[in-house]
Amino acid sequence: MMDEDKKGVVYLVGAGPGDTELLTLKGYRVLRQADVVIYDRLVHPLFLEWTKPNCELIYGGKLPDRHFLRQETIQDLLIEYAIQGKCVVRLKGGDPSVFGRVAEEASALREAGIQFEVVPGITAGIGAATYAGMSVTHRDYSSSFAVVTGHNQSVSGEPTVDWQALTQGVDTIAFYMGVKNLPFITEQLLKHGANPEKPVSLIQWATTGKQRVVSGNLTTIVAKVKAAQIQNPAIALVGDINQLRQEKSWFEEKILFNQELLLAKAGVESGEMAAQLSSLGADVLEFPRYVIEPCLEGQVVDYQRYTQIVFMTQSSIEVFFESLRQKRTDIRMIHADFIVRNSKQADVLQQYGCQASLLQDVTLDNSGLLIGEEGARRKVPEVVSHFEYLGLYRKTVVPQSLITFQRMWEEERIEKIIFPNAKSVEMLTFALKGTNFTPHYLSEQTSIICFGPITSQKAESLGYQVTTKLKQPNVNELISHLSSEYVED
Ligand code: SAH
């Protein structure tokens, strides 16, 4: 159509407070389309895993004392990439309009004639209250809610707000960026007539596995926060709604709350496992991310020669059908029996309209064809080792997933590494080869959990020190192991 003069679009997207599932559907859609993502420090690194494999990821993160990219530079980048016709996402923590400088970015884009959209997000004040078990305007406690900065650009950094109006007129106040100025904030509220017993909570890293809550009142909170070493990012939530807070919120009660896991990825199944673990409250990075690349170049295979074809993996089935499609081969030309190793693979074949038998149920011929991953012939079960082997695809690590890993590591969001099978040990080690993250270093810094004896052997042979070998190699055993350990803590 009009592709030649395709203009780029910039989406200024609010990522929400942390929990990746709190992103809007619109935010999710544009993030998946993006050619370039410029993301902030407060954005959970797991979002990066949803981008396209070749998406350019730029850290526009600002640490309180260090500015990696100046605001003007970010704006220039947004414009530059859009002029190149790219789909650009500027991913910001919470809601982009709440202390997010989105207006500056929007006006720079407007001036440059670049099309843009702003996608709202859940702001930290509301997300933090909710995940700490409170609701900002519970009708018994509060009929108003204010979002207030705890910091400003003045030399002292102390916020200039109408303290009298705030103290007298608002029931629930969420102070952002307020940890450093907490003594000043509580002092102002007290000075303007607040009840010294007025409850206050500090909620750090709300909605993520690192969430911590410290509660007190206007006279005790400063000392408590200091003792607990709460730092930014945290919301100071002032108001009677704090009475709603139980010892643990619904979120903190989840059995895997506070668990920060790296699930070494091996097969298509790990996606389901990751989803299950995170639905129980864990933060889970599946690593490394890889793509399946068909290696069909120069492969002319006469499938008609075979009476039996064994598919080693689910990907081998998918790539097989893709290769038939590309070569315009009619499936009815192939008369071989299709054999798979488990019922899940049989289901996948059925989606292509083909019935399969399970390997354990068939009588094998003297010759046949095995289809699997390139270079994986040595993993073939003994009973079919006399079959010919065709490597139809390879797994290629998406380099961007290393960026996610690094960010997760720097934010101390990886406490345990889980190896579900031997292949996953190889994949992870391969992906981190040449970095400082050697098996030795990872074992020193994290716990290493292996599903079974073969996996443990593999891990040990590559230099890991295995902390836990699960009694049963399955996800339920993993969950009970993780949750029992958590209680012991
Ligand atoms: N646009 C963001 C706010 C940016 S200002 C929003 O709407 O949420 C940065 C401040 O937000 C931090 O200093 C902290 O006070 C707060 N914040 C952001 N994410 C947070 C989180 N997960 N937990 C607690 N506070 C958070």
Side-chain angles (χ1 to χ4, degrees), residues 11-24 27 38-47 60-67 71 74 89-106 118-134 136 145-153 157-159 161 172-182 184-185 200-215 221 225 228-238 245 249 251-252 257-258 260 281 283 407-408 411-413:
Y11 297 95
L12 307 164
V13 179
D19 180 346
T20 47
E21 288 188 306
L22 295 180
L23 179 69
T24 59
I38 306 183
Y39 60 100
D40 267 0
R41 182 176 73 98
L42 289 180
V43 164
H44 201 303
L46 286 178
F47 283 113
K62 295 185 196 122
L63 294 171
D65 306 321
R66 273 184 293 163
H67 285 233
Q71 184 65 27
I74 292 177
V89 165
R90 170 85 175 104
L91 196 59
K92 290 162 152 309
D95 179 276
S97 306
V98 178
F99 309 127
R101 302 186 75 171
V102 79
E104 289 162 57
E105 290 171 10
V118 185
V119 183
I122 295 175
T123 191
I126 293 180
T130 306
Y131 274 52
M134 301 176 240
V136 291
F145 168 55
V147 164
V148 178
T149 175
H151 176 88
N152 79 359
Q153 300 298 324
E158 288 164 356
V161 297
T172 306
I173 314 168
F175 287 98
Y176 289 56
M177 303 168 279
V179 180
K180 206 169 129 231
N181 286 328
L182 196 62
F184 175 78
I185 291 167
V200 186
S201 285
L202 262 284
I203 308 162
Q204 186 186 28
W205 284 120
T207 82
T208 75
K210 280 164 49 131
Q211 173 167 311
R212 279 170 74 207
V213 182
V214 170
S215 302
I221 193 72
V225 162
Q229 296 186 317
I230 296 281
Q231 287 167 349
N232 261 326
I235 290 287
L237 201 62
V238 180
R245 173 149 172 95
S249 71
F251 175 57
E252 292 149 351
F257 168 67
N258 237 215
E260 304 191 284
D283 267 11
R407 297 270 334 126
M408 292 285 284
E411 290 186 9
E412 297 175 357
R413 291 185 184 276

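As a basis for the values below, the full set of heavy atoms in this structure was taken, side chains included, without hydrogen atoms, waters or symmetry mates. What you see is a predicted model, and the numbers here were worked out from it, not measured in a lab. Order of appearance sets the numbers: ligands from 1, and atoms from 1 within every ligand.
Atom OG1 in T172 sits 6.5 Å away from atom CG in L237 (nearest 0.5 Å). Note that CD of E104 and CD1 of I74 are 10.5 Å apart. Values are rounded to the nearest 0.5 Å. The distance from the CE atom of M177 to the CZ atom of F99 is 5.5 Å, given to the nearest 0.5 Å.
Taking the six-membered ring for Trp and the full ring otherwise, Y39 and F47 have centroids separated by 6.0 Å or more.
The protein non-hydrogen atom at the shortest distance from atom 11 (O) of ligand 1 is Y176 CD2, 3.4 Å. Nearest protein neighbour of atom 4 (C) of ligand 1, counting heavy atoms only, is F99 O, 3.5 Å. In terms of protein heavy-atom proximity, atom 22 (N) of ligand 1 is nearest to P17 O, 2.8 Å. Nearest protein heavy-atom neighbour of atom 3 (C) of ligand 1: V98 O, 3.4 Å. Scanning the protein for heavy atoms near atom 2 (C) of ligand 1, the closest one is G93 O, 3.2 Å. In this structure, atom 7 (O) of ligand 1 lies nearest to the protein heavy atom T123 OG1, 2.6 Å. Nearest protein heavy-atom contact of atom 19 (N) of ligand 1 is A124 CB, 3.6 Å. Protein heavy atom at the shortest distance from atom 23 (N) of ligand 1 is A206 N, 2.8 Å.
Not one N or O of L42 is nearer than 3.5 Å to an N or O of ligand 1, by distance alone. No N or O atom of I122 sits closer than 3.5 Å to an N or O atom of ligand 1. Between T207 and ligand 1, no pair of N/O atoms sits closer than 3.5 Å. Polar contact check, M177 against ligand 1: a nitrogen or oxygen pair lies under 3.5 Å apart. Residue D95 places at least one N or O, backbone or side chain, under 3.5 Å from an N or O of ligand 1. Looking at ligand 1, you won't find any N or O of Q204 less than 3.5 Å from one of its N or O atoms.
A salt bridge between R90 and E105 is present, with a side-chain N of the basic residue lying under 4.0 Å from a carboxylate O of the acidic one.
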Can Q204 and Q231 be said to form a side chain to side chain donor-acceptor pair (under 3.5 Å), step by step? CA-CA 7 Å; Q204 186 186 28; Q231 287 167 349; 5.2 Å; no
When you look at L182 and L202, which way does the side-chain contact (heavy atoms from CB on, under 4.5 Å) test go after all the steps? CA-CA 10 Å; L182 196 62; L202 262 284; 3.8 Å; yes
Evaluate the side-chain contact (heavy atoms from CB on, under 4.5 Å) criterion for residues V119 and L12: first the C-alpha distance (whole Å), next the side-chain angles of each, then the deciding distance (0.1 Å), finally the verdict. CA-CA 6 Å; V119 183; L12 307 164; over 6 Å; no
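For G18, the heavy-atom gap to ligand 1 stays at 4.0 angstrom or more. Under a 4.0 angstrom heavy-atom cut-off, I235 registers as being in contact with ligand 1. Ligand 1 lies out of reach of A128, whose nearest heavy atom is not under 4.0 Å from it.
The 12-atom threshold is not exceeded at NZ of K180, counting heavy atoms of other residues, nucleotides or ligands nearer than 6.0 Å.
Here I203 has backbone heavy atoms under 4.0 Å from ligand 1, and that is the only part of it that gets that close.
For I126 against F145, the heavy-atom pair with the smallest separation is CG1-CE2, 3.7 Å.
Looking at D283, T207, T20, T208 one by one, the single match for side-chain hydrogen bond (donor to acceptor under 3.5 Å, both in side chains) with H44 turns out to be D283.
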